[in-house]
Amino acid sequence: MNYDFNEIEAKWQKYWAENQTFKAENNSDKEKFYVLDMFPYPSGAGLHVGHPLGYIASDIYARYKRHKGFNVLHPMGYDSFGLPAEQYAIQTGQHPAITTETNINRYREQLDKIGFSFDWSREVRTSNPDYYKWTQWIFIQLFNSWYNNDSNKAEDISTLVALFEKEGNTTVNAVSDEDIIAFTAEEWNAFDTKKQQEILLQYRLTYLADTEVNWCPALGTVLANDEIVNGVSERGGHPVIRKKMTQWSMRISAYAQRLLDDLTTVDWPQPLKDSQTNWIGRSQGASAVFNVNGHDEVIEVFTTRPDTIFGVSFMTLAPEHELVSKITTPEQKAEVEAYIEATAKRSERERMADVKTISGAFTGAYAEHPFTKEPIPIWIGDYVLAGYGTGAVMAVPCGDQRDYDFAKHFDISIPNIFEGVDISEEAHVDKDKTVIVNSDFLSGLPYKKAMKLAIYELEKIGHGKGKINYRLRDAVFSRQRYWGEPFPVYYVDGMPQMIDAKHLPIALPEVEKYLPTETGEPPLGNATVWAWDTVSNRVVDNSKINNATVWPLELNTMPGWAGSSFYFNRYMEPNNENEIFSKEAIDYWQDVDLYIGGSEHATGHLLYARFWQKFLFDKGVVPKNEFAKKLINQGMITGTSAFVYRVDFEGSYSISKESNRPVLKQPLYISYSLFKKFDDLYKYILNSKISLEEKNEFVNGNGYTKGLASVAEGTVFYELLDEEKKDVLASFMSLLEDVRVDLRSKGADVIGLKFSSIHADVSFVNASDELDIEAFKNWREEYKDAEFILEDDKYIVGREVEKMSKSKYNVVSPDSICVDYGADSLRLYEMFLGPLEQSKPWNTAGITGAHGFLKKLWRLYVDDNGVKVTDTEPSKDNLKTLHKTIKKVEEDIENFSFNTSVSTFMIAVNELSAQKCTSREVLEALIILVSPYAPHIAEELWNKLGHSESISTAPFPKFEASHLVESSKEYPVSFNGKMRFKLELSLDLSKEEIEKVVMSHEKTQQQLAGRAPKKVIIVPGKIINIVG
RNA sequence: GCCUCGGUGGCGGAAUUGGUAGACGCGCCGGAUUCAAAAUCCGGUUCUAACGAGUGCGGGUUCGAUUCCCGCCCGAGGUACCA
């Protein structure tokens, strides 16, 4: 009986589906355990081998926990709103819902083939109205809440209104917009409704605000920073401008401190916590207010070093700072405006990437030092960011390197306020061991005391106060897209109104076109049935808008992170139509026990999800402040891309009538080792000891191969080369000559050659890196006539490890592996590849190892005559192998060290095969151990052993230490720490007895060669070390 | 620049509190079986002829360091002039 994995796997996948083997119940006497994967966006490319890595790991853990007697919740779903489907809709007109459905079906098919133990009855899709009903519901809750700093939690907006009615807003300690006007209770009560609504909007946890965005007029959309390259859009290369837009924002900043504090309560990877900590960016310091001479305006700055206030020698404003135009003197106006224009052209990325260039302009205005009353010149400079702090800094060049560089560059004075410190070369950044001098009342004080006193004095004269600043900014929540959750919002006289929760969901309307409207409105502006009737409480035709009972609906949609910020809770009861989940469900499941996903979500999804969880906790909706107790980041599986090397030429040519650059008769590709030889030669010359001038001449900005040609033509460096290198050079020159002959007829003078690395699809390449030339030629029109320079009659590709991506043609899908080797082989192999958290390259070569193991495992149970397991008593060796395996595997699973447990299985099977073990007692236990990793073969063998129930809840074998007790040990005998030979000794021997035996041993005498040992270290049961 | 994680055979990696460096697998080499091949099985495989050396480099602590400490170098990912 052979191991027919295809048949076995299909059989058990069907069995699990039909019997709902992995369905989790919301009430159970068993202890709960919730294992969660980050749900995928169903892209058109389908799953590649990188996706299942984390899913396999979580599946192993979930299955292990079932064996351990837990009621396990292990759900899966889809983050199904997203840009690619929308883009596809724009191109083809196909509704994103259809695209999404197709992709989901393909994902499901692929996932099913790998044998995951998901409870599919709980599947969620963020783009389903049944689901986004609750996304909209949470949005309404946020709108109806404000953050009370006194109770340190979100409260219903009605409690704020009550406070306003009684006391006005001066006693309220709330998180709000910056520009809040103060009012009394009388004033509040006198305001009209619209005014009151406007004010409340400044306190709500989700609010409308004018936000500066990257607007691309040509695309009619807002772009993220990384969608902009060199100031133009990545797609299409259209110009991008900074523009203010009214958008929904989420007041995540209200939770900054709690998001920071509670990181200590979760078991998440430290690097991930660090990046959240940095992202939140808490800094403690003071705000200080400087008067501007000759103006009523003041400049407020935030500083972490108020102790250095006497070291201020200038101030710098961000070029965008609103004060700049007001205070700039007529003489400086031209210079300042030119500077502002120049910086506006640079993208935010560009400005930030270029750290070395110091630039700025003097406004001509002066501020007044709050203590000395000295005038301080006010500059603008783009190293100050408008979006952080107040967009202005007090510059202390002696204590801050950027201020120092700026002062040096513009020749501004650098007063020294540090005792005994030399600042002639650079700023003095250390603060802990430094004493302040030349600073009036702060002189002679160390940093901490000076800090406190400075803040105290600033407060006394009304020029500042202690302040904590966060880098974390409120999150923009509007997107000008179609394929996202619509807002449950309509507008009455421009003021947003929430639709009552009982009318949800507000379903996404149909549109003719998925592009922005001609007037620049978001795609929903194309919808004709998109107005809210407050009488019938229904979405109605736009023509019915009467601004009395029927009003326009919001045209923006929600961002991608909305639906993913609470899905883990919705899994607890995904089909509940009346509530986001029932109290019983959330009380039973509480929170996620284990969450596995990629680290790329560190500051996006994982921060927003924590924010929403805390909000829902404040509202009493969820019982836990944090949604996931433990989190593991699985590493990325990288692909091994294949490259072919195209020969391009460098040269001069006259532009012909067709204004085309002459091309080679046939595109020419050189095999890897030839490319490598040329490349190495080039690098060799570049790295040899030649002068800078020579180097420049060699490189000459023309592509390196011109440099090689110049060497051959006898100008420079020829003497650097040995015979071998001269041969390489000669072959390069002959290639160059061929190209020259071909192109000269077309009027081009070829100086040198360039080689371009082109991705070739990895499926055209075999295990020895040989390219299937025919397949490559047929791949694309442009390769049809390609010619190849071979090595040993083969075209060998270059290989490089890169992120797996469609555009790099290095994607390997799990499908063919499942067909050729089976899902169990894939699961074992992915785990065997290396530590879960580490990123590692995919290489199919090793899969035969995992597959071979399964075959060997199979043969331990089954031979040509069928099952060979017997009820014989296990031998001592059998039990020893079994129990050391139980111990190791259990430890490994608990530590998520799945790679080592696969080795352990291999060792166990090798040993038991050698022992010719047929004992049921041992083999039944072994197959349970293997079952989380390779569930299909485990079910089949379990069944063959006579069990009619699924193996999935069979109790995990118990480890018994008694089987591992040893009576003797093979001691390593070391000399000066180096192991030289081994000696089998009884473990009963005392230190003295061991020393006696070892010292009289002939090999010891040999090693010592007559010397007397200085010292003998004996650690019983471990090691013997002789020093001498 | 800063933060984080890494650097061990031809390759993926193992060595969990400092105690035999290279488990396990791939690949490679040799052998058995076979008319032959596939499959399977057995043996070998860090370097070195050997003495020995050896976990990115240089120091240190220790009887003993891949592991701990100090100073560097290199790679990957993240972040971005954060006042």
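Letters go in sequence order (proteins before strands), and every chain restarts at 1.
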Pairwise C1' distance, B:G18 and B:G77 [rounded to whole Å]:
31 Å
Separation of B:A39 P from A:D820 CG (nearest whole Å)
14 Å
State the dot-bracket string of RNA chain B. Criteria: Watson-Crick or G-U wobble, both atom distances under 3.5 angstrom; notation: ( ) intrastrand, [ ] crossing earlier pairs, | interstrand, . unpaired.
(((((((..(((......[....)))((((((.......))))))((....))..(((((..]....))))))))))))....
Could you pick out which residue, A:S599 or A:D892, lies toward the 5' side of RNA chain B when each is mapped onto its nearest nucleotide?
A:D892
Partners meeting salt bridge (Lys or Arg N to Asp or Glu O under 4.0 Å) with A:E891 (sequence neighbours left out):
A:K887
Expressed as a whole number of Å, how far does the C1' atom of B:A76 sit from that of B:C81?
24 Å
Rounding to an integer number of Å, can you tell me how far A:I1024 CD1 sits from B:G64 P?
17 Å
Might you point out which heavy atoms bring A:K868 and A:V862 nearest each other, and give the distance in Å?
CG-N, 4.1 Å
Quick check for you: to the nearest 0.5 Å, what is the distance between A:Y404 atom OH and A:H409 atom NE2?
14.5 Å
Rounded P spacing from B:U16 to B:A21 in Å
14 Å
For A:P269, answer base if it contacts any base atom (sugar-phosphate contacts may also be present), sugar-phosphate if it contacts only those atoms, and nothing otherwise; contact means non-hydrogen atoms under 4.0 Å.
nothing
Answer with base, sugar-phosphate or nothing: what part of the nucleic acid does A:K888 contact at a heavy-atom distance below 4.0 Å?
base
Within this structure, what is the OG-CG distance for the pair A:S974 and A:N1025, rounded to the nearest 0.5 Å?
5.0 Å
Hits for side-chain hydrogen bond (donor to acceptor under 3.5 Å, both in side chains) against A:Y608, two or more places apart or cross-chain, chain-then-number order -> none
Please state how far atom CZ in A:R471 lies from atom C1' in B:C81, giving the value in whole angstrom units.
12 Å
With sequence neighbours left out, the residues meeting salt bridge (Lys or Arg N to Asp or Glu O under 4.0 Å) with A:K630 are A:D267
Looking across every strand, which nucleic acid part, if any, lies under 4.0 Å from A:T390 by heavy atom: base, sugar-phosphate, or nothing?
nothing
How many whole angstroms separate atom CZ of A:F406 from atom P of B:A83?
18 Å
How far does the C1' atom of B:C74 sit from the matching atom of B:A65, given to the nearest Å?
22 Å
Does a nitrogen or oxygen in the side chain of A:T900 sit under 4.0 Å from OP1 or OP2 of B:C24?
no
Per-nucleotide protein contact string for nucleotides 40-56 of chain B (B base, S sugar-phosphate only, - none; heavy atom under 4.0 Å):
SS-----------SB--
For A:E322, is the CD atom crowded, meaning more than 12 foreign heavy atoms sit under 6.0 Å from it?
no
If every non-hydrogen atom of A:N469 is compared with every non-hydrogen atom of A:G389, which pair is closest and at what distance?
ND2-CA, 3.7 Å
As a test of reading the structure: which of B:C24, B:U16, B:U20 is closest to the side chain of A:N895, going by heavy atoms?
B:U16
Starting from C1' on B:U16, measure out to NZ on A:K887 and report it in whole angstrom.
10 Å
Taking the same atom, P, in B:C11 and in B:U79, what whole-Å distance lies between them?
32 Å
Find the distance between CZ (A:R473) and CH2 (A:W279) and round it off to the nearest 0.5 Å.
8.5 Å
Once rounded to the nearest 0.5 Å, what's the spacing between atom OG of A:S901 and atom CZ of A:F896?
11.5 Å
Rounded distance in Å between the P positions of B:G10 and B:C70
31 Å
Give a yes or no on whether A:K273 atom NZ has more than 12 heavy-atom contacts from other residues, nucleotides or ligands under 6.0 Å away.
yes
Could you state the atom-to-atom distance from CD of A:E911 to C1' of B:C24 in whole Å?
12 Å
Using the glycosidic torsion, which applies to B:G56: syn (within 90° of 0) or anti (everything else)?
anti
When you compare the side chain of A:F898 with that of A:Y933, does any pair of heavy atoms fall below 4.5 Å?
yes
Please list, pair by pair, any protein nitrogen or oxygen found under 3.5 Å from a nitrogen or oxygen in nucleotides 1-12 of chain B.
from: B:G12; atom 1: O2'; to: A:L833; atom 2: O; distance (Å): 2.5

Could you please name the option among B:C81, B:U20, B:G19 that lies closest to any side-chain atom of A:M979?
B:U20
I'd like the C1' distance from B:C35 over to B:G22, given in whole Å.
42 Å
With respect to the side chain of A:W279, which nucleotide from B:C81, B:A80, B:C24 is positioned closest?
B:A80
Look at the side-chain N and O atoms of A:N910 and state whether any lies under 4.0 Å from the OP1 or OP2 oxygen of B:G25.
yes
B:A80 C1' sits how many Å from A:R473 CZ, rounded?
11 Å
What's the gap between B:U20 and B:A36 when it is taken at their P atoms, as a whole Å value?
47 Å
A:D863 CG to B:A39 P, in whole Å, measures 22 Å
With RNA chain B as reference, determine whether A:S903 or A:N899 sits nearer its 5' end, using the nearest nucleotide of each.
A:N899
To check you understand the geometry: which heavy-atom pair defines the closest contact between A:M315 and A:A367, and what is its length?
SD-CB, 3.6 Å
Would A:Q915 and A:T881 satisfy side-chain hydrogen bond (donor to acceptor under 3.5 Å, both in side chains), going step by step from the backbone distance to the final call?
CA-CA 10 Å; A:Q915 292 161 16; A:T881 298; 3.0 Å; yes
